[in-house]
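Basis for what follows: all heavy atoms, side chains included, without hydrogens, waters or symmetry-related copies.
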2 protein chains.
Amino acid sequence: MSGKVRRPAPRPPGEPKGAAEQARTLRADGRRNRERLIEAAKAAFGEVGADVSLEEIARRAGVGIGTLYRHFPTRDAIVEAVYRREVVHLAGAAARLIGSMPAGEALHQWMRLFVDYIATKKLIAAALGAIAGRGSDLYSFSAGLIADALALLLDRARAAGEIRPDVDPGDLLRALAGLTYGNADPGWQASALRLIDILMDGLRTPSARAALTPPGRDAPRSRA
Amino acid sequence: MSGKVRRPAPRPPGEPKGAAEQARTLRADGRRNRERLIEAAKAAFGEVGADVSLEEIARRAGVGIGTLYRHFPTRDAIVEAVYRREVVHLAGAAARLIGSMPAGEALHQWMRLFVDYIATKKLIAAALGAIAGRGSDLYSFSAGLIADALALLLDRARAAGEIRPDVDPGDLLRALAGLTYGNADPGWQASALRLIDILMDGLRTPSARAALTPPGRDAPRSRA
DNA sequence: TTGCTAAGCGGAGGTTTCCTCCGTATGTTA
DNA sequence: TAACATACGGAGGAAACCTCCGCTTAGCAA
């Protein structure tokens with residue numbers, strides 16, 4: 001019958017403590033375990049659900065529960081870490097994709113990745129909602145990174161003459177968000193991917209569209 | 001170290017079981033306690049946070065923990081009950097307001113209530129997110145009720161000649177959602193209320209606007 | 001009003017999860 | 001290689017979850 005419940009003060013006055021900043025001073029094994037924990041947490045959220053026990057996550061990562069708590073003092077902390085990691089990965093993928101394929105194709109693949117990202121976001125949305133509500137810096141952090149990545153992709157594709165010149169990054173982001181908004185049923189992801197293919201066709205310039213069929217590469221959706 | 005965690009199957013095959021339907025066959029004390037529990041839960045969510053312990057809620061309601069679990073077998077169930085109750089209350093308020101004041105004023109007051117509703121919704125959004133994701137019937141239930149209420153209010157106000165004739169219910173709902181979207185800081189609610197006052201002014205016909213100042217009732221924001 | 005009965009109540013207690021604490025192990029630096 | 005700081009692991013206490021069952025009481029019939 002104590003007065004308070006669980007953690008009434010989830011926001012200590014200490015600074016937000018960016019992931020990179022604390023990785024800088026972490027010992028090698030510490031960094032490795034931290035990585036493993038995030039990986040395990042992501043898998044566990046996906047397979048078990050947003051309310052996996054933290055001990056299950058530690059077990060999957062092959063570390064002790066104490067290690068988990070040292071790296072992530074609260075459940076929110078680990079959820080946020082998984083989310084941040086997804087965002088960074090998605091943003092970083094833009095540059096990677098640009099480097100390894102034609103700009104238009106890169107844009108297309110990235111939009112498909114975006115759907116995966118939203119899926120992750122939804123999965124942990126329950127736990128995340130609370131965080132996002134408290135400190136909005138997480139939200140602006142992710143929104144900024146993603147907007148930048150999309151702008152970069154569009155620039156390159158436009159410069160290469162693969163897409164129409166009048167496409168605005170903001171519009172496209174809104175379109176993507178719209179395609180993925182409010183869907184909860186199992187078929188959602190497949191549907192969103194189909195719509196993205198169609199959208200991508202609409203974005204292409206006539207010449208770029210024509211260039212897709214003649215050679216042999218008429219199936220641009222090979223990558224899982 | 002068992003395989004599963006907590007409640008891996010939160011969606012039994014039984015039908016949704018509307019609140020009214022099961023209240024019909026409840027004994028008087030049962031109905032009373034159920035009501036008390038929802039009331040206590042709403043207060044507790046507001047004062048303590050979305051992760052109040054269920055035992056705290058039972059204590060506040062003045063009932064045993066067993067009673068709580070009989071009425072609400074899972075945490076989701078009680079969260080959903082609070083939410084549903086808010087929605088029903090908000091929708092029902094439309095008819096009440098229409099009956100007790102001029103139609104334009106009723107529309108205005110109802111929009112202010114809408115802000116309270118969003119506040120509640122946000123508060124329990126963390127817990128709710130999971131539910132809404134699983135079964136979307138809750139979402140459509142609330143969206144439908146609220147859209148109907150708003151349409152009713154608009155109809156009356158339009159018929160009374162208090163607002164411009166070209167206002168679409170969907171547009172106004174979108175506007176309301178927009179006013180309240182994405183705000184998490186403390187000042188949000190006050191800001192939204194101010195914006196609603198402005199919006200309402202814009203909706204009024206010139207004659208209705210003129211009719212507000214001459215008499216003595218020039219402070220239409222009396223109601224808390 | 002009285003008595004009967006099923007519906008409902010309450011909370012003890014087993015189970016699970018959370019989280020801290022501290023002795024042990026290991027990476028890092030000199 | 002030695003010494004030191006950093007990180008690891010898991011035992012264990014506190015708290016929350018949830019079930020189960022004996023007791024109470026509302027509702028009804030006579």
When you check every protein heavy atom under 4.0 Å of nucleotides 22-30 of chain C, what one-letter string (B, S, -) results, 5' to 3'?
----BSS--

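- Contact annotation for A:Gly66: base contact, defined as any heavy-atom pair under 4.0 Å involving a base atom.
- Checked against D:dC8, C:dC18, C:dG10, the side chain of A:Thr67 finds its nearest nucleotide in D:dC8.
- Contact annotation: A:His71 side-chain N/O to D:dA7 OP1/OP2 distance is not under 4.0 Å.
- Atom OH of B:Tyr69 is separated from atom C1' of C:dA12 by 15 Å (rounded to the nearest Å).
- Remark: C1' of D:dC18 and CD of B:Glu56 are 18 Å apart, rounded to the nearest angstrom.
- Within the model, atoms CZ of B:Arg70 and CD1 of B:Ile65 stand 11.0 Å from one another, a figure rounded to the nearest 0.5 Å.
- One can place CG of A:Leu54 at 14 Å from C1' of C:dT20, the figure rounded to the nearest angstrom.
- Rounded to an integer number of Å, the gap from CZ of A:Arg75 to P of D:dA16 is 15 Å.
- Ion pair B:Arg60/B:Glu47 flagged as a salt bridge, since at least one NZ, NE, NH1 or NH2 atom sits closer than 4.0 Å to an Asp/Glu carboxylate oxygen.
- As a whole-Å value, the separation of B:Leu68 CG from D:dA16 C1' is 13 Å.
- Between the CD1 atom of A:Ile57 and the P atom of C:dC18 there is a distance of 9 Å, rounded to whole Å.
- Between B:Arg194 and B:Asp197 there is no salt bridge, since none of the side-chain N atoms of the basic residue sits less than 4.0 Å from a carboxylate O of the acidic one.
- For A:Arg158, the CZ atom sits in a packed shell: over 12 heavy atoms of surrounding residues, nucleotides or ligands are nearer than 6.0 Å.
- Electrostatic pairing of B:Glu56 and B:Arg59 counts as a salt bridge here, judged by a charged N lying under 4.0 Å from a carboxylate O.
- In this structure, the CG atom of A:Asp76 is 14 Å from the C1' atom of C:dC18, given to the nearest Å.
- Under the rule for a side-chain contact (heavy atoms from CB on, under 4.5 Å), the partners of A:Arg32 that lie at least two apart in sequence or sit in another chain are A:Asp29, A:Arg36.
- The distance from atom CG of B:Asn33 to atom C1' of C:dA7 is 12 Å, rounded to the nearest whole Å.
- With salt bridges taken as basic N to acidic carboxylate O contacts below 4.0 Å, one links A:Glu35 and A:Arg85.
- Between B:Glu55 and A:Gly62, it is A:Gly62 whose nearest contact on DNA chain D lies nearer the 5' terminus.
- Proximity note for B:Ile65 (side chain, C-beta onward) versus D:dC17, C:dG11, C:dC18: the nearest is C:dG11.
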